Amino acid sequence: MVSSLDQLKETGTVVVTDTGEFESISKFKPQDATTNPSLILTACKNPKYLKVVDKSIEKVFTRNIKIDIFNELEVILDQIIVEFGTEILKIVPGRVSTEVDARLSFNKEKTIEKALRLIELYENNGVSRDRILIKIASTWEGIQAARELEFKYGVHCNLTLLFSFIQAVACAEANITLISPFVGRILDWHKANGTLEDVDVDPGVESVTRIFNYYKKYGYTTIVMGASFRNIDEIKNLAGCDFLTISPNLLNVLNESDELIIKKLDSKKSVKVCNDDKVNVIDNESKFRFEFNQDQMSTEKLSEGIRKFSADTNELLEFLKQRVQEFKRVNKL
Ligand SMILES: *[C@@H]1O[C@H](CO)[C@@H](O)[C@H](O)[C@H]1NC(C)=O
Ligand SMILES: *[C@@H]1O[C@H](CO)[C@@H](O)[C@H](O)[C@H]1NC(C)=O
Ligand SMILES: *[C@@H]1O[C@H](CO)[C@@H](O)[C@H](O)[C@H]1NC(C)=O
Ligand SMILES: *[C@@H]1O[C@H](CO)[C@@H](O)[C@H](O)[C@H]1NC(C)=O
Ligand SMILES: *[C@@H]1O[C@H](CO)[C@@H](O)[C@H](O)[C@H]1NC(C)=O
């Protein structure tokens, strides 16, 4: 019997897993993998991976990078993020997503600068930019930064915290490599808000389906990658989507199930099923902001997501502070 996981792959969907844990990555052999501040924080606290942290600290101090005391921790944090990414790339055949500091989400120039810095560190490790996706929040500034990174620097981007159609439209027009619209978090919001009208209609699944069909109808090449799933049904209803990123838990469930998976998203049918007219927004900031603001769920989920990743980054820096002090004490720096 073919497992549901294998059937899902047969619909043409590329499966990616969300984890900073090398072991579950080797177990599930996803094509690509991703990291974010929360995953890195969890991994750093795991004694097994402390050597990655220490190696990064050592690299920064022995390479004599000129760093002032105020951004010393940030330089080390960038190195750690890249070190984890480099390790992951020894296991997965495809790409690793690496997040730009969420605290820069409303600053286009700083986002570009940080992205180029991460790429430089990867290249120092012998990893080419083709294997990296720079993950950026889908704010107006983030999308504009990604547009420039793609166009001017050949840096591929993964636009995250994407909840609305208008964000997806802007990303497609900006020629972004990949977007990761969230499915489960949309459902969460509607449940919490008491606006789930029909239990059989999952608003997260509907949102991704609409984006997928819009992209295919108008010939956009930006990859649609559904993310943040709460249950197997959401995954089943998006079978056929370009990519899906699935947690190790749900991957296990899919692997152990032999339930039938039917292709639900099909680019050949998009012209027929998509009712949206073509929208132009990439050069119209006020239109983007207005349309985005019309959607209460998206505005709330985007700002919540940025707050959460920023808090995790701060916690990570706090954790590193102690580790770095220890390193300096031992090495009499
Ligand atoms: C999937 O299940 C099969 C059989 O149940 C097992 O041998 C295999 O290790 C599992 N694969 C993963 C990735 O868990
Ligand atoms: C892109 O980012 C999302 C959201 O963080 C993540 O779930 C996904 O795995 C990433 N995609 C790839 C291909 O790395
Ligand atoms: C995106 O790519 C298309 C086709 O290559 C090009 O015509 C367009 O100008 C690009 N858009 C942006 C915003 O760079
Ligand atoms: C739920 O959403 C509606 C509009 O969609 C809004 O009027 C209402 O204030 C929201 N309620 C909560 C509790 O967020
Ligand atoms: C931006 O969009 C608004 C609203 O759709 C429109 O009225 C305006 O003409 C657009 N501006 C430009 C420069 O295209």
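Fair warning: this is a prediction, and the values are worked out from it, not measured in the lab. Atom set for the values below is all heavy atoms of this structure, side chains included, hydrogens, waters and symmetry mates excluded. Remember, it's 1-based here, ligands and their atoms both numbered in the order they're listed.
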Specify side chain, backbone, both or neither for [X], according to which of its non-hydrogen atoms lie closer than 4.0 Å to ligand 2.
X	result
Lys135	side chain
Leu133	side chain
Met225	side chain

For [atom], what's the nearest protein heavy-atom neighbour? Residue, atom name and distance, please.
atom	result
atom 2 (O) of ligand 2	Asn158 ND2, 2.4 Å
atom 13 (C) of ligand 5	Asn284 ND2, 4.5 Å
atom 5 (O) of ligand 5	Lys287 CD, 3.6 Å
atom 14 (O) of ligand 2	Ser97 OG, 2.6 Å
atom 3 (C) of ligand 2	Ser180 OG, 3.2 Å

Whether the side chain of [X] engages the backbone of [Y] through a donor-acceptor N/O pair (distance < 3.5 Å, no angle test) should be reported.
X	Y	answer
Thr221	Asn175	no
Gln167	Ser138	yes
Thr13	Lys9	no
Ser207	Pro203	no

For atom 12 (C) of ligand 3, which candidate among Ile143, Asn175, Thr221 holds the nearest heavy atom?
Asn175

Ligand 3-proximal atoms of Glu173, by part, heavy-atom distance under 4.0 Å:
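Answer for Glu173: backbone.
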
Could you tell me which atoms of ligand 3, counted from 1 in the order shown, lie closer than 4.0 angstrom to a heavy atom of Arg147?
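Those qualifying, in numeric order: 13 (C).
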
Using a 4.0 Å cutoff against the non-hydrogen atoms of [X], which atoms of ligand 2 qualify?
X	result
Thr160	4 (C), 5 (O)
Val16	9 (O)
Asp32	13 (C)
Ala33	14 (O)

At what distance, to the nearest 0.5 angstrom, does CZ of Arg323 lie from CD1 of Ile80?
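The distance works out to 10.0 Å.
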
From Asp78 atom CG to Asn71 atom CG, the distance as rounded to the nearest 0.5 Å
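Between Asp78 CG and Asn71 CG, I get 9.0 Å after rounding to 0.5 Å.
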
Nearest heavy-atom approach of Tyr215 to Ile179 is OH-CD1, 3.4 Å

I'd like to check whether Thr245 has a polar contact with ligand 2, where a contact means an N/O of the residue lying under 3.5 Å from an N/O of the ligand.
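Between Thr245 and ligand 2 (N or O atoms, distance only) the closest approach is under 3.5 Å.
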
Nearest protein heavy atom under 4.0 Å from atom 7 (O) of ligand 3, yes or no:
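No, there is none.
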
Side chains of Asn36 and Lys308: is there a donor and an acceptor less than 3.5 Å apart?
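There is no such pair (donor and acceptor under 3.5 Å, judged by atom type) between the side chains of Asn36 and Lys308.
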
Is it true that Lys301 and Asp188 have a side-chain N and a carboxylate O under 4.0 angstrom from each other?
no

Looking at Glu285 and Arg289, is any side-chain nitrogen of the basic one under 4.0 Å from a carboxylate oxygen of the acidic one?
yes

Angle between ring planes, Phe163 versus Phe182, binned at 30° and 60°: parallel, tilted or perpendicular?
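The arrangement is tilted - the two ring planes meet at 30° to 60°.
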
